[in-house]
> 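Quick one: the structure is below, and I'll ask about it shortly.
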There are 2 protein chains.
Amino acid sequence: MPTVSSEELAAAAGVNSAKLRKDFSYLGSYGTRGVGYDVEYLVYQISRELGLTQDWPVVIVGIGNLGAALANYGGFASRGFRVAALIDADPAMAGTPVAGMPVQHTDDLEKIISDNGVSIGVISTPAGAAQQVCERLVAAGVTSILNFAPTVLSVPDGVDVRKVDLSIELQILAFHEQRKAGEEASDDGVVPPVAAKQQRKGPDGDVPAVMPA
Amino acid sequence: MPTVSSEELAAAAGVNSAKLRKDFSYLGSYGTRGVGYDVEYLVYQISRELGLTQDWPVVIVGIGNLGAALANYGGFASRGFRVAALIDADPAMAGTPVAGMPVQHTDDLEKIISDNGVSIGVISTPAGAAQQVCERLVAAGVTSILNFAPTVLSVPDGVDVRKVDLSIELQILAFHEQRKAGEEASDDGVVPPVAAKQQRKGPDGDVPAVMPA
DNA sequence: CTATCTTTGTGCACGCGTTCACAAAGACAT
DNA sequence: ATGTCTTTGTGAACGCGTGCACAAAGATAG
Ligand SMILES: NC(=O)c1ccc[n+]([C@@H]2O[C@H](COP(=O)([O-])OP(=O)(O)OC[C@H]3O[C@@H](n4cnc5c(N)ncnc54)[C@H](O)[C@@H]3O)[C@@H](O)[C@H]2O)c1
Ligand SMILES: NC(=O)c1ccc[n+]([C@@H]2O[C@H](COP(=O)([O-])OP(=O)(O)OC[C@H]3O[C@@H](n4cnc5c(N)ncnc54)[C@H](O)[C@@H]3O)[C@@H](O)[C@H]2O)c1
């Protein structure tokens, strides 16, 4: 029976082993003292807890450059997500196949959501249309939204929104880049408490929430 | 002179006004007591601190579905980023214009980086090529990388990597989605300390770092 | 010039997440 | 069986970020 110790996993993930054990403990006591964790069993338990054992249908709204790339992306299916429908407002696109799937018109949005039992929606429309699309999705029953449009969406309680803003990702890099450059120059002022981070330690890379356009 | 108080800004951003003031204080004392902050001056100071006043040339490596979408995206330029070059390994693509810019071959990667003084690179190649591309970028002088390939990149100290993993974004949504569904069912076990979060509060949405493929 | 009023800047305390450290559990050898 | 050795699970301490609360600063009116 292949096993791993919390120490090995922690080293691989770059975290503290005690934290890893404590995290696992919230799922239950799946380890064996003196041995470690049964890999297969652990993987199953974590997958189940994270909701990866079920199949999640998602819809993508806004099939432009980005939406088409997402539709073509094979990495979703392997993680338990199924693209149930592609939706766009452009009548000229209706019926056009993208990633082997016909694009459907926004007129049918509500019916598509309900017919497929979709609870997760992806918005890749222009920023101006995002809030409106969001509202229709929520009204139709969607309770989780992945938003690529550079707008803050207003949603009712109970609806989760994750915003992916690629410009901000670049800004965070530029911010640290600037730090590296002028490190020795300004050693007089107070140094802001910016955590030295690597792969996505903090949410937004520990950068202030308020920013001008 | 248009001004804003920390209270107003905090309300708009959904954060505590004391935290906002303390954050601002790291940049200096730019407010006026009894009045607030001069909007124009504040915007400039924050922009400068975040490195938005300079122009950052970036290269995109891997001009496939996603890379092309990124190249076409106009939101970067407006934030101070300039796409200096598009690079792909496919000889058939060399010279082909994407977003009004000819795709260049990976053979010239080092020269392109150095000629343009690029310090930020975007990787949108298949996962298998990402580490190798990363190493060439770093060797050529790139010190910040935005990685879209679903791989953890190994980089030397001093190089920042931000990974954007869209599957994980969906997984986080699915995780919370599952919570909502089975909320009343399992009120017996210990409830893991998952922060109720909205728009990107924490880095990875407060989800364990270790996950199976 | 003095008084009053608003809002900043920040010391301090609280709370939460991380880490330490160890007792308990179990495997495995003798 | 008994003992030894490894690794888990977790109570307790630590440290840090967040929020409270207020003194100081400055504007504005009288
Ligand atoms: N392309 C990128 O790399 C990139 C990067 C970051 C953010 N974004 C954001 O993602 C969004 C899409 O970007 P894009 O480059 O694909 O734009 P795009 O213009 O290529 O595509 C937008 C699509 O949305 C459709 N659309 C417009 N209004 C709609 C509505 N009300 N309902 C349904 N569909 C509608 C359009 O017909 C079009 O097909 C934008 O908000 C953009 O800012 C894109
Ligand atoms: N498309 C998406 O929405 C999406 C979503 C999430 C993640 N990703 C990831 O982004 C990456 C790109 O996705 P895609 O859909 O654009 O794939 P793609 O196959 O369409 O494009 C990949 C491009 O990279 C080029 N390439 C291959 N090896 C290279 C090398 N060594 N140097 C330079 N260029 C090279 C190829 O010629 C091709 O043009 C993949 O790792 C994918 O997993 C994509």
Side-chain angles (χ1 to χ4, degrees), chain A residues 1-46 49 188-210, chain B residues 1-46 49 172 189-210:
Chain A
M1 184 174 88
T3 60
V4 274
S5 68
S6 60
E7 206 64 57
E8 295 174 279
L9 280 176
V15 298
N16 184 286
S17 68
K19 175 166 163 47
L20 191 139
R21 285 199 297 280
K22 186 157 283 185
D23 282 356
F24 282 6
S25 76
Y26 288 115
L27 312 182
S29 287
Y30 298 139
T32 307
R33 297 179 186 219
V35 178
Y37 299 88
D38 173 34
V39 174
E40 193 181 349
Y41 188 55
L42 181 64
V43 165
Y44 169 72
Q45 290 296 342
I46 295 179
E49 184 68 21
D188 51 297
V190 182
V191 177
V194 175
K197 116 223 83 34
Q198 39 163 192
Q199 307 265 140
R200 281 249 194 209
K201 237 347 172 342
D204 284 331
D206 313 307
V207 155
V210 185
Chain B
M1 186 175 87
T3 60
V4 272
S5 69
S6 61
E7 206 64 59
E8 294 173 283
L9 280 176
V15 297
N16 184 285
S17 68
K19 175 166 165 43
L20 190 138
R21 285 198 299 277
K22 186 159 287 185
D23 283 355
F24 283 5
S25 76
Y26 288 114
L27 312 182
S29 288
Y30 299 139
T32 305
R33 300 182 184 214
V35 177
Y37 299 89
D38 173 33
V39 173
E40 193 181 350
Y41 188 55
L42 181 65
V43 165
Y44 169 72
Q45 289 298 342
I46 295 178
E49 184 69 21
I172 293 167
V190 182
V191 177
V194 176
K197 116 223 86 27
Q198 38 162 197
Q199 308 265 139
R200 282 249 195 208
K201 241 342 174 347
D204 286 331
D206 313 307
V207 156
V210 185

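Basis for what follows: all heavy atoms, side chains included, without hydrogens, waters or symmetry-related copies. This is a predicted model, so every value here is computed, not measured. Quick note on labels: first sequence line is chain A, next is B, and so on, each numbered from 1.
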> Look for any protein N or O under 3.5 Å of an N or O in nucleotides 14-16 of chain C and output each such pair with its distance, or none.
none

> Could I get the full list of side chain to side chain contact (heavy atoms under 4.5 Å, CB included) partners for A:Y30, not counting sequence neighbours?
A:L27, A:Y41, A:Q45, A:R48
> Please list each protein N or O that sits under 3.5 Å from an N or O in nucleotides 11-14 of chain D, with the distance.
from   : atom 1 : to    : atom 2 : distance (Å)
D:dG11 : O6     : A:K22 : NZ     : 3.3
D:dA12 : N6     : A:K22 : NZ     : 3.2

> Nearest 0.5 angstrom please: B:F24 CZ to B:L9 CG, how far?
5.5 Å
> Please state how far atom CG in A:L42 lies from atom C1' in D:dG9, giving the value in whole angstrom units.
15 Å
> Considering residues at least two apart in sequence or located in another chain, which fulfil the side-chain hydrogen bond (donor to acceptor under 3.5 Å, both in side chains) criterion with B:T32?
none
> Any side-chain N or O of B:K19 under 4.0 Å from OP1/OP2 of D:dT18?
yes
> Quickly work out the A:N16 CG to C:dT18 P distance and round it to whole Å.
10 Å
> Rounding to 10 degrees, work out the angle separating the end axes of the helix from C:dC1-D:dG30 to C:dT30-D:dA1 (five pairs an end).
10°
> Per the salt bridge (Lys or Arg N to Asp or Glu O under 4.0 Å) rule, what does the pair list look like for residues 26-45 of chain A, sequence neighbours excluded?
none
> Please name all residues satisfying side-chain hydrogen bond (donor to acceptor under 3.5 Å, both in side chains) with B:Y44, sequence neighbours left out, ordered by chain then number.
none
> Name all residues meeting the side-chain hydrogen bond (donor to acceptor under 3.5 Å, both in side chains) criterion together with B:S6; count only those two or more places apart in sequence or in a different chain, and write none if there are none.
B:R21
> May I have the distance from B:D38 (atom CG) to D:dG26 (atom P), rounded to whole angstrom?
16 Å
> What does nucleotides 1-8 of chain D look like as a protein-contact string, B for base, S for sugar-phosphate only, - for none, at under 4.0 angstrom between heavy atoms?
-----BBB
> Going by the salt bridge (Lys or Arg N to Asp or Glu O under 4.0 Å) test, which pairs reach into residues 2-20 of chain A, not counting sequence neighbours?
A:K19-A:D23
